[in-house]
Q: 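Before anything else, here's the structure in question.
Each chain gets a letter, A, B and so on, in the order its sequence line appears, and its residues count up from 1.
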4 protein chains.
Amino acid sequence: MQTLKEDVRQSILRAALREFKSHDYTDASMRRIASEAGITTGNIYRYYKNKEELFEALVKPVYEKLIEYVLNLKKELDRSYTGGNHGLKYLNMVEDTVIGLFDAYSAELTILMNRSAGSKYVQVKSDMVKLIATIMEDVFTSGRDNADKLTIQQRQSALMLAGTVVEGICLILREHEDGETVKRLVNEFIFLYYLGNEHRFTP
Amino acid sequence: MQTLKEDVRQSILRAALREFKSHDYTDASMRRIASEAGITTGNIYRYYKNKEELFEALVKPVYEKLIEYVLNLKKELDRSYTGGNHGLKYLNMVEDTVIGLFDAYSAELTILMNRSAGSKYVQVKSDMVKLIATIMEDVFTSGRDNADKLTIQQRQSALMLAGTVVEGICLILREHEDGETVKRLVNEFIFLYYLGNEHRFTP
Amino acid sequence: MQTLKEDVRQSILRAALREFKSHDYTDASMRRIASEAGITTGNIYRYYKNKEELFEALVKPVYEKLIEYVLNLKKELDRSYTGGNHGLKYLNMVEDTVIGLFDAYSAELTILMNRSAGSKYVQVKSDMVKLIATIMEDVFTSGRDNADKLTIQQRQSALMLAGTVVEGICLILREHEDGETVKRLVNEFIFLYYLGNEHRFTP
Amino acid sequence: MQTLKEDVRQSILRAALREFKSHDYTDASMRRIASEAGITTGNIYRYYKNKEELFEALVKPVYEKLIEYVLNLKKELDRSYTGGNHGLKYLNMVEDTVIGLFDAYSAELTILMNRSAGSKYVQVKSDMVKLIATIMEDVFTSGRDNADKLTIQQRQSALMLAGTVVEGICLILREHEDGETVKRLVNEFIFLYYLGNEHRFTP
DNA sequence: CATGAATGAGCTTTCATTCAT
DNA sequence: TATGAATGAAAGCTCATTCAT
């Protein structure tokens, strides 16, 4: 064979998935992954150069898709900043992003968002938060002409909303495996944010 | 002497607070805590049997208060389930609980909610979530006579909402030290949930 | 106590000395050093941060002295390049350097010169060789006006002579512990090189 | 088939040669040898039981020739100890030995002398040294009737000279591949020793 | 015969915990 | 009580060697 045994590679990935689902990158143990995969510690290193690479093998594909989606989102955002409340539209784009990624890589997305502490992917969450915060700020200033009039409190609120949206989505990802359920819950969740904001100033 | 001992105990707790604020239970280092407290590694074990107990010393008081408040909340809930939409009222009680605890134990609450991974307090969050989920279910069934008519989807939604509320509050606690800011953001956050739900069925 | 137990530190150094005398840096084993020192593996790291630092603790002092001596040698060399055969004089300076260093750090010098492979001190030997090669070239061109007339063969010879001088001295260091013996043998050895070269062209 | 096998054996040896030229026995890697030889890791063990045997396969032929030459040298030495300074003659025999072996097995000789650390051939060098030391002692006592009058210092000097000769030759072997260059440098080097000793007592 | 996946003992290093003083 | 040196198990990783296919 040219390639290493595909079933072993699969069981390593499966075991790694389980391990990283329940431990942060730092706390995950190669020994445990190996034994869970039914192989010896050393053998894992024939398949993945080291812990970082094993983690990356799981998480990089989603990460790259995420970046791609996020860049599109940003472009869309910049293109149409001419006014009008596009809050729901943007939030829907966020939702589509999540759902799209989840369809292809449910567990991996979960790990990327929840277990990267200690790896080089730590900043992913806060990157997402920053992006979504700009969306939120856009929501706040909708209809008005410039955004730099935001008070420091409004900026804090935007960051909070962005942070809680991200955390909320992460939670849903963590707790559910079924795609349909995830979709429905993310949809409800995002819609809640939309409605909440919609009626903020018009009670 | 007792006096001296109390001094030391206090500086251990102070140091532990700082350590656990920035590290998960597993990643926190007893050595660092000792040296930050200005004592020796071994001496820490005269005051606390082990890492778990030290963590507990920090976190148990808030935990117990939390339980207490939560039981009250529950009682209130059970007592007045006779109808009418009390969603906001209950959410306000949750908010009051958080704010109340935060006033007395800001850092400890933050730690309890955010850094318990690896300790026996991991489940606190999910306990909270379960409780709040019952509140959410109450919101859903407001005006109707019994709650066991909830579909499985509704139950999932309630759990999701509860989970995201808790995660959101945890995030706010994690990111802010200033009491006023925490209050304002938690209030906004809770209000968002209220409004979001309020207009759910009346768009 | 402020400092770690000095006798343990000494026995670690003693054990490390033994280990590094018989193994290259890479092949030396911390476990063996620890057990030879009569302590546990982990305990070594209370005294030295890692293998590199333990090696350095042994070898850095000699290394710095060596650099110092060598810079002096170089200065002397550059200052008096006006001609006349100073071969013996320079070789005597090399000898003095070796003897001086050996008096203070016999084993350490041995290790520095013979066991650095794999550490950041690998190049020490070849640095020495290069320096001594310039001395040798000076010997070859003594009395003549410029050195760049040396043929490629002469340069090879100079490098060979320098290399063998260094290797010879390393050998003497490796095989003998007694200072007087080292002195005598290095002296004889250097003198041999002097005589050998002296009579090269005047048989 | 026998033919095929011989091919493989040859390419293993060729690869091992390259590996051992640049790494000590301990640091050489069977994996690298196999891959350099264009075969699989496991297959190497069909041809050579283990690392030691592979090393031996390379080095034993030279080793045995070396022993043979050395025994001859010794015989010659014993036969003609009746007086007269035969120093140069003997040193020339040493030189002839080296050159002769080098002609037939350049790389293997280099490896035997320079890379045996960790294998069972470590002592080869010191064997050589011991033999050459007896030559040196003969040089010292030339013209006098018996050798056991040598002082301990003289014996040490003889050992030193022998050791440095051997180290010097090893160095030349290590640094040069070209046969002519090796010959010239070894010749110069040996001649240096001859001259140096010649004029020792007749300055 | 050959393959290359698998083994297992070894490596350096870290850290909660213990214990002689 | 307090000290801080010592322990020992665990981590990530490497590599000569074995063995099922």
Q: Check this for me: does any side-chain nitrogen of one of C:Arg14 and C:Glu36 sit under 4.0 Å from a carboxylate oxygen of the other?
A: no
Q: Count the heavy atoms of every other residue, nucleotide or ligand shown that sit under 6.0 Å from CD of B:Glu177, and state whether that count exceeds 12.
A: no
Q: Using OP1 and OP2 only, check whether a side-chain N or O of C:Tyr47 sits under 4.0 Å from F:dA6.
A: yes
Q: With a 4.0 Å cutoff (strictly under), does any side-chain N or O of D:Asn43 reach OP1 or OP2 of E:dT3?
A: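 Yes.
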Q: Is there a side-chain polar atom (N or O) of A:Arg31 under 4.0 Å from OP1 or OP2 of F:dA11?
A: yes
Q: Return no unless some side-chain N or O of D:Thr40 is found under 4.0 Å from OP1 or OP2 of E:dG4.
A: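 The answer is no; no side-chain N or O of D:Thr40 sits under 4.0 Å from OP1 or OP2.
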Q: So, B:Glu167 and B:Lys125, do they make that salt bridge, N to O below 4.0 Å?
A: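 Yes.
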Q: F:dG4, OP1 or OP2 - any side-chain N/O from C:Lys5 closer than 4.0 Å?
A: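 Negative; the distance criterion is not met.
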Q: Using a heavy-atom cut-off of under 4.0 Å over every strand shown, decide if A:Ala28 touches base, sugar-phosphate, or nothing.
A: sugar-phosphate
Q: Considering every strand and a 4.0 Å limit on heavy-atom distances, what is the contact class for C:Ile39: base, sugar-phosphate, or nothing?
A: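 Answer is sugar-phosphate: C:Ile39 comes under 4.0 Å of backbone atoms only.
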Q: When the nearest nucleotide of DNA chain F is assigned to D:Ser29 and to A:Glu52 on a heavy-atom basis, which residue is associated with the more 5' position?
A: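 Taking each residue's closest nucleotide, the earlier one in sequence belongs to A:Glu52.
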Q: Taking OP1 and OP2 of F:dT14, is either one under 4.0 Å from a side-chain nitrogen or oxygen of A:Tyr45?
A: no
